[in-house]
Amino acid sequence: MAPTATATAAEEQQHPRKALGLAAHDASGHLSPIHISRRNTGDDDVAIKVLYCGICHSDLHTIKNEWRNAIYPVVPGHEIAGVVTEVGKNVTGFAAGDRVGVGCMVNTCRSCESCEGGAENYCSRIVFTYNSLDSRDGTVTRGGYSDLVVADARFVVRFPDALPLDAGAPLLCAGATVYAPMRRHGLGQPGTHVGVVGLGGLGHVAVKFARAFGAAKVTVISTSPGKREEALERLGADAFVLSTDDAEMKAAAGTMHGIVSTACTTGAVHPYLALLRPHGKMVLLGVPEKPMQVSAFALIGGGKSLTGSYMASIKETQEMLDFAAEHGLNADVEVIGAGEVNTAMERLAKGDVRYRFVIDVGNTFSSLASAL
C-alpha cells in the first residue's frame, strides 16, 4: 500500500503560507481541490505565482500509483511557469515581476560529484518537485497544480521575453529532457541523420530541436500510421518510418547517426538499433513498465551504443530555454482550465492530445475555492 501524507501541526508551522491545489487522494487518480501550505520565503528562496503548469505523462503515472511510489495526497506538476512575487535576501538573480519556471527538481545534496560537476539531475539525493521528501524539513513536496510555489533560487530558471509561458511551460520537462542528451551526444548537429521514436509530448519537441540544430535529415519512427502526415506536413520531419512495417524498417536500416527514443519501447530493441549506422547511438528517454530485450550482437556488430538520459541540469534547462526563444521554438499545447484536468488525464491515457495539456492556473484556479 502506498504511504499517505497527513498535514501535521509541525508541518503547518513549517509551511504557514496557504495555497490552493489539485490533488489525487488515491490510486483512482481523480484530482480534486485541496488546501495546501507553502513555506515562507527563505533567504535563498523565490516565491512564484503559478500562471501555467504542463501535464506530463509522469503526472498520470504518479497519481495512479503505477510506479508504486505515490505519497497521497499528490499535488502533481513539474512544468511550472509563472512570475516572481517575492525573493529572499540572499537572492540576486531574480526580482519581483520576473517570468520564471521550475522544472523537475527543487533540491539536491549539493556536495556529491554530480552536484559539484554541474549534473545535479543525477544526484542520488535529488528532491523532486512533487511526491518527494524534502531533505530540508522532511515535508512532502507539492507540485505546480497549485497557485503558489516557493523554491530555492538555485532551481529556478528564467523565461526569455520571447518565449510564451503557456507554450513554454512543457519545455521545462519535455524540452529539457530531449535537448540535453541531443546536445551531449551530438544528435542533430549539421550533417547528421536523426531518428525520433514516438511522436508525443517529448517526440514532437525533439523533432523541432533536431531541425533547429541543423540536422541534415530528421526521421520520425512510430507505430501509428496516422502520425505520418502529422510528422511530415505539420512538424516538418523529412521522413517517416512505420516501425510495424518490415519493408519500411529494412529500407531505413543503417542510415541514422543517432536515435532519440521518447516512447516507452517494450520488447526487443534490436529493430531500432538496426536503423543506426556504425558507431551510432540510441538514447532512451521513455520508461517502459517491463525490461527491454537487447541483443549483444546488435551493439557489437556495428560498434553501436545504447544509453539513457534523465531530465536535465539547471544549466542545461536554462540553455534550452534561451535556445528555444532564439529559434522561435515551443511546445504544441492545448490550454485547459482547472475544471478540465480530470478529463484531460483520461484523454492523455488514450494518447488523445496534441501534444501537451497545459493548465491555465492563473485564470481558472480561483474557481476551485468554492468547491472547498
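Since the model is a prediction, treat every value here as computed from it, not as a measurement.
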Looking at D44 and K89, does any basic side-chain N land under 4.0 Å from a carboxylate oxygen? no
Donor-acceptor check, side chain of N65 to backbone of N69, threshold 3.5 angstrom: yes or no? yes
Passing candidate, side chain to side chain contact (heavy atoms under 4.5 Å, CB included) with R183, options Q189, E319, M320: E319
Of all heavy-atom pairs between S58 and W67, which one has the smallest distance, and what is that distance? CB-CH2, 3.6 Å
With sequence neighbours left out, the residues meeting side chain to side chain donor-acceptor pair (under 3.5 Å) with D98 are R158
Show every side-chain hydrogen bond (donor to acceptor under 3.5 Å, both in side chains) that has at least one partner inside residues 232-245, sequence neighbours left out. E230-R234, R234-D332
Ring pair (Phe, Tyr, Trp, His ring centres under 6.0 Å) with H185: which residues, sequence neighbours excluded? none
When you group the ILVMFWY residues by side-chain heavy-atom contacts below 4.5 Å and let the links chain together, are V83 and F155 in the same group? yes
Quick one: does R142's side chain get under 4.5 Å of V140's, heavy atoms only? yes
Given side chain to side chain donor-acceptor pair (under 3.5 Å), test R38 with H15 step by step and report yes or no. CA-CA 5 Å; R38 300 292 193 185; H15 291 188; over 6 Å; no
Could you check T262 against V178 for side-chain contact (heavy atoms from CB on, under 4.5 Å), going step by step and ending with a plain yes or no? CA-CA 8 Å; T262 69; V178 298; 4.3 Å; yes
Side-chain heavy-atom pair V102, H78 within 4.5 angstrom cut-off: no
Okay, side chain of D360, backbone of N363: is any donor-acceptor separation there less than 3.5 Å? yes
Search all heavy atoms of K64 against all heavy atoms of G29 and return the closest pair with its distance. CG-CA, 4.2 Å
Sub-4.5 Å side-chain heavy-atom contact between L51 and V361: no
Spacing of CG belonging to L284 relative to OH belonging to Y272, to within rounding of 0.5 Å: 11.0 Å
Whether R154 side chain and T108 backbone form a donor-acceptor pair below 3.5 Å: no
Mark yes or no for whether K217, through its side chain, and A239, through its backbone, hold a donor-acceptor pair below 3.5 Å. no
Should we say atom NZ of K304 is surrounded by more than 12 heavy atoms from elsewhere, each under 6.0 Å from it? yes
Do the side chain of E248 and the main chain of L242 share a donor and acceptor less than 3.5 angstrom apart? yes
Does V150 offer a backbone N or O that forms a donor-acceptor pair with the side chain of R17 under 3.5 Å? no
Closest approach of D166 and V333, non-hydrogen atoms and distance? O-CG1, 4.1 Å
I259 and L235: same hydrophobic cluster, using ILVMFWY side-chain contacts below 4.5 Å? no
Determine yes or no for a side-chain-to-main-chain donor-acceptor pair under 3.5 angstrom, with R99 supplying the side chain and P160 the backbone. yes
Derivation and outcome, side chain to side chain donor-acceptor pair (under 3.5 Å), residues T255 and R277: CA-CA 5 Å; T255 64; R277 297 185 181 196; over 6 Å; no
Note, I63 side chain near L31 side chain (heavy atom, < 4.5 Å): yes
Output the distance between atom CG (N90) and atom CG (D45), rounded to the nearest 0.5 Å. 10.0 Å
Start with the C-alpha gap between Q318 and D322, add the side-chain angles, then the distance that decides, and say whether side chain to side chain donor-acceptor pair (under 3.5 Å) holds. CA-CA 6 Å; Q318 185 64 66; D322 294 339; 3.2 Å; yes
Counting C-beta onward and ignoring hydrogens, is there a side-chain heavy-atom pair between T41 and V46 closer than 4.5 Å? no
What about V100 and F323, same hydrophobic cluster or not, with Ile/Leu/Val/Met/Phe/Trp/Tyr joined at side-chain heavy-atom distances under 4.5 Å? no
Taking every non-hydrogen atom, the tightest pair across I221 and G195: CD1-CA, 4.1 Å
Interatomic distance, F159 atom CZ to L321 atom CG [nearest 0.5 angstrom]: 5.5 Å
Out of curiosity, does M182 fall in the hydrophobic cluster containing M282 (side-chain heavy atoms, cut-off under 4.5 Å, transitive links)? no
Nearest heavy-atom pair of I80 and G143: which atoms, and what distance? CD1-C, 4.3 Å
Distance in Å, H257 NE2 paired with L275 CG, rounded so as to fall on 0.5 Å steps: 13.5 Å
Gap between atom CZ of F240 and atom OG1 of T219 - 0.5 Å precision: 10.5 Å
Sequence neighbours excluded, every pair satisfying ring-ring contact (aromatic ring centres under 6.0 Å, His included) that has a member inside residues 344-372: H204-Y355
Across all chains, not counting sequence neighbours, the side chain to side chain contact (heavy atoms under 4.5 Å, CB included) partners of S305 are K281
Is K350 paired with D352 through a side-chain N to carboxylate O contact shorter than 4.0 Å? no
Tell me which one of I36, D147, I34 satisfies side chain to side chain contact (heavy atoms under 4.5 Å, CB included) with L20. D147
Any chance you could lay out the side-chain contact (heavy atoms from CB on, under 4.5 Å) test for T192 and L187, step after step, and finish with the verdict? CA-CA 7 Å; T192 58; L187 306 184; over 6 Å; no
Centroid-centroid under 6.0 Å between F213 and Y179 rings: yes
One should read off an interatomic distance between E229 CD and K227 NZ, to the nearest 0.5 angstrom, of 13.0 Å
Can R347 and E340 be counted as an ion pair, charged N to O under 4.0 angstrom? no
The test is side-chain contact (heavy atoms from CB on, under 4.5 Å); show your working for L22 and V75 and say whether it passes. CA-CA 6 Å; L22 279 172; V75 178; 5.9 Å; no
Would one find more than 12 heavy atoms of other residues, nucleotides or ligands at under 6.0 Å from atom CZ of R211? no
Worked check of side-chain contact (heavy atoms from CB on, under 4.5 Å) between R356 and N330: CA-CA 11 Å; R356 207 63 153 190; N330 50 48; over 6 Å; no
Decide, yes or no, whether a salt bridge links D152 with R136 under the criterion of side-chain N to carboxylate O below 4.0 Å. yes
If we ignore hydrogens and angles and just use 3.5 Å, is the side chain of S222 paired with the main-chain N or O of S224 as donor and acceptor? yes
Going by the side-chain hydrogen bond (donor to acceptor under 3.5 Å, both in side chains) test, which pairs reach into residues 113-133, not counting sequence neighbours? D59-Y130
Please report the shortest heavy-atom distance between P181 and L285, naming the atom on each side. CG-CD2, 4.0 Å
So V260 and V197, do their side chains get closer than 4.5 Å, heavy atoms only? no
Report whether V205 and Y310 are members of the same hydrophobic cluster (ILVMFWY, side-chain heavy atoms less than 4.5 Å apart, transitive linking). yes
I359 and I55, any side-chain heavy atoms less than 4.5 Å apart: yes
